[in-house]
Protein chains: 2
Amino acid sequence: MPKLLVVDDDLDMLALVRAALEKDGHQVDTETDSTTVQPARCHLYDLLLLDVMMPVEDGFSLCSRIRAEVDCPILFLTAKAEDAALVQGFGLGADDYIKKPFSIAELRARVNAHLRREVRQPTHTLSQGGVRFDMQAKVAIAGEHTLPFTKGEYAICEHLVLHAGQVFTKEQLYEAVFGFDAEGDSSAVAEHIKNIRAKLKAGGLSPIETVWGVGYKWRKDSVR
Amino acid sequence: MPKLLVVDDDLDMLALVRAALEKDGHQVDTETDSTTVQPARCHLYDLLLLDVMMPVEDGFSLCSRIRAEVDCPILFLTAKAEDAALVQGFGLGADDYIKKPFSIAELRARVNAHLRREVRQPTHTLSQGGVRFDMQAKVAIAGEHTLPFTKGEYAICEHLVLHAGQVFTKEQLYEAVFGFDAEGDSSAVAEHIKNIRAKLKAGGLSPIETVWGVGYKWRKDSVR
DNA sequence: AGCCATTTTTAAGGAATTTATAAGGAAGAG
DNA sequence: CTCTTCCTTATAAATTCCTTAAAAATGGCT
């Protein structure tokens with residue numbers, strides 16, 4: 001289920017856009033104040049819809065603030081119809097520029113077209129609990145910093161995140177990650193978990209829960 | 001240099017569009033009769049611009065004929081402003097729908113935005129981490145000097161840079177660069193990496209990171 | 001509440017694995 | 001033949017993984 005963020009100071013517009021996009025089965029988060037949008041949080045979304053004219057920080061400023069951090073499509077949604085503004089918007093790295101008044105049908109068509117192209121390209125990153133895993137680069141990124149996981153630590157995290165919310169015993173984890181099932185795996189896994197938690201905690205995160213008597217699980221992001 | 005195909009029965013429009021896109025340094029091919037467009041030939045292009053209303057076969061028909069064959073962005077360029085047509089266009093797999101009359105600035109901005117998203121770089125030079133690779137001349141240049149890479153060293157670098165940010169095991173690297181997979185490749189690759197790093201270090205650069213337990217990767221510039 | 005058994009967490013050290021470096025020889029080009 | 005390039009081998013250095021053992025926490029029990 002694609003996850004979208006819409007930023008607009010106009011509540012009526014937000015409601016309208018949300019209703020339109022939820023018709024297509026998307027999960028829509030909204031924000032009325034662009035200054036509260038954190039670049040590091042944006043990688044949680046598959047697509048961003050930004051209003052241009054907003055009181056404190058306008059959409060262009062917001063876009064330039066976050067474009068370096070996120071790779072997903074950014075669409076402007078605006079009443080500014082002048083060519084100069086449109087060119088400026090695309091120049092900031094935007095992927096579309098939808099002029100108001102727009103029809104709901106057009107909005108949905110354009111959003112879906114951008115999402116469709118994203119899906120076509122092999123996605124090799126996944127985010128959970130504020131951590132983004134790049135399976136090609138083999139790195140985990142929390143906010144600004146990349147977490148210095150070792151190979152084994154990264155593998156355990158990746159497996160937990162891929163099955164977020166599911167509990168694994170230490171033995172299951174060892175087997176899933178390292179293949180075979182040795183003797184003292186449980187202690188080894190416990191040691192890894194300790195180190196992983198320490199590194200996550202340095203980034204202010206603690207997404208790994210202990211299920212007493214059973215094992216560990218990565219807390220799944222709540223689906224609002 | 002990106003290669004574009006524009007299909008329109010209106011010669012004036014074709015000239016206008018061609019002039020606009022060539023300003024951005026693109027190579028523009030044109031076609032006036034959509035029926036002569038062969039799906040198999042479309043692979044040559046990085047982006048297609050289709051007029052909707054054409055006498056024999058309209059743009060929608062053409063799009064549905066070729067969409068399965070080509071993955072590149074398809075943009076409609078049309079006077080049909082109705083929502084239904086727009087939705088139909090996107091439904092056929094199009095990536096944008098530009099309504100006439102459009103400004104040259106908007107056309108250029110949209111075309112460039114779509115090209116920017118394309119992974120395949122038609123250019124034969126690329127820069128990463130302060131090193132510029134000329135894939136035609138097979139030379140790497142850092143600042144003033146050309147780096148004295150051997151053929152194998154250059155090949156490894158080029159592959160790493162082409163997939164900057166992605167980790168490769170020594171075996172993967174050997175196979176990707178030299179074709180087959182022999183016995184002691186890993187040591188050979190390690191040796192190459194050592195020499196490459198020495199030569200890069202002479203220029204004050206060290207873009208190759210080792211991911212312990214996995215392999216090597218070229219650090220990706222975080223510039224868009 | 002207090003105590004005990006079990007489980008988890010933490011800590012530290014050594015074993016094992018992986019990478020870096022260096023030197024020598026085989027193969028091919030000029 | 002000479003030189004460069006490439007690969008192999010050997011050794012040193014670095015990092016990670018696992019084991020062991022003790023401390024802390026949890027849940028159940030009286």
Open item on the list: Of the listed nucleotides (C:dT9, D:dT20, C:dA22), which one gets closest to any side-chain atom of A:T210?
Closed with: C:dT9
Task: Quiz item: cation-pi between B:K3 and B:Y45, 6.0 Å / 45° - done: yes
Open item on the list: If you only use heavy atoms from C-beta on, which nucleotide in D:dC17, C:dT19, D:dT19 is closest to the side chain of A:T150?
Closed with: D:dC17
- [ ] Name the nucleic acid region contacted by B:F149, choosing base, sugar-phosphate or nothing; use a 4.0 angstrom heavy-atom cut-off, strictly under.
- [x] nothing
Task: Between A:R197 and A:T210, a side-chain donor and acceptor under 3.5 Å - done: yes
Task: Rounded interatomic separation in angstrom, taking NE2 from B:H192 and P from C:dT21 - done: 16 Å
- [ ] Give the ring-plane orientation class for B:F76 versus B:Y97, where under 30° counts as parallel, over 60° as perpendicular and anything between as tilted.
- [x] perpendicular
Task: Gap between atoms OH and C1', on A:Y216 and C:dT8 respectively (whole Å) - done: 6 Å
- [ ] Remember a base hit wins even if backbone is also touched, and classify B:Y154 as base, sugar-phosphate or nothing at under 4.0 Å, heavy atoms.
- [x] nothing
- [ ] Please report, rounded to the nearest Å, how far the C1' atom of D:dA25 is from the CD atom of A:E209.
- [x] 17 Å
Task: B:V211 vs A:W212, nearer the 5' end of DNA chain C by closest nucleotide - done: A:W212
TODO: Quickly work out the A:F178 CZ to C:dA16 P distance and round it to whole Å.
DONE: 17 Å
Open item on the list: I need the CG-P distance between A:L173 and D:dC18, as an integer number of Å.
Closed with: 13 Å
Open item on the list: If I take atom NZ in residue B:K194 and atom P in nucleotide D:dT9, what distance separates them, rounded to the nearest angstrom?
Closed with: 17 Å
- [ ] Using a strict cut-off of less than 4.0 Å between a Lys/Arg side-chain nitrogen and an Asp/Glu carboxylate oxygen, indicate whether B:R117 and B:D95 qualify as a salt bridge.
- [x] no
TODO: Counting heavy atoms from C-beta on, name the nucleotide in C:dA11, D:dT9, C:dT19 closest to the side chain of A:E191.
DONE: C:dA11
Open item on the list: Between A:E153 and B:E153, which residue's closest nucleotide on DNA chain D lies nearer the 5′ terminus?
Closed with: B:E153
- [ ] Ignoring the backbone of A:Y174, work out which of D:dC6, C:dT8, D:dC18 is nearest its side chain.
- [x] D:dC18
Open item on the list: So, does B:K170 get its side chain near the phosphate of C:dT18, meaning an N or O under 4.0 Å from OP1 or OP2?
Closed with: no
TODO: Grab the CD1-C1' distance between B:I193 and C:dT19 for me, whole Å please.
DONE: 11 Å
Task: Interatomic distance, B:I196 CD1 vs C:dT19 P [rounded to whole Å] - done: 16 Å
Open item on the list: Side-chain N or O of B:R197 versus OP1/OP2 of C:dA20: is the shortest distance under 4.0 Å?
Closed with: yes
Task: Residues, nucleotides or ligands: over 12 heavy atoms within 6.0 Å of B:R41 CZ - done: no
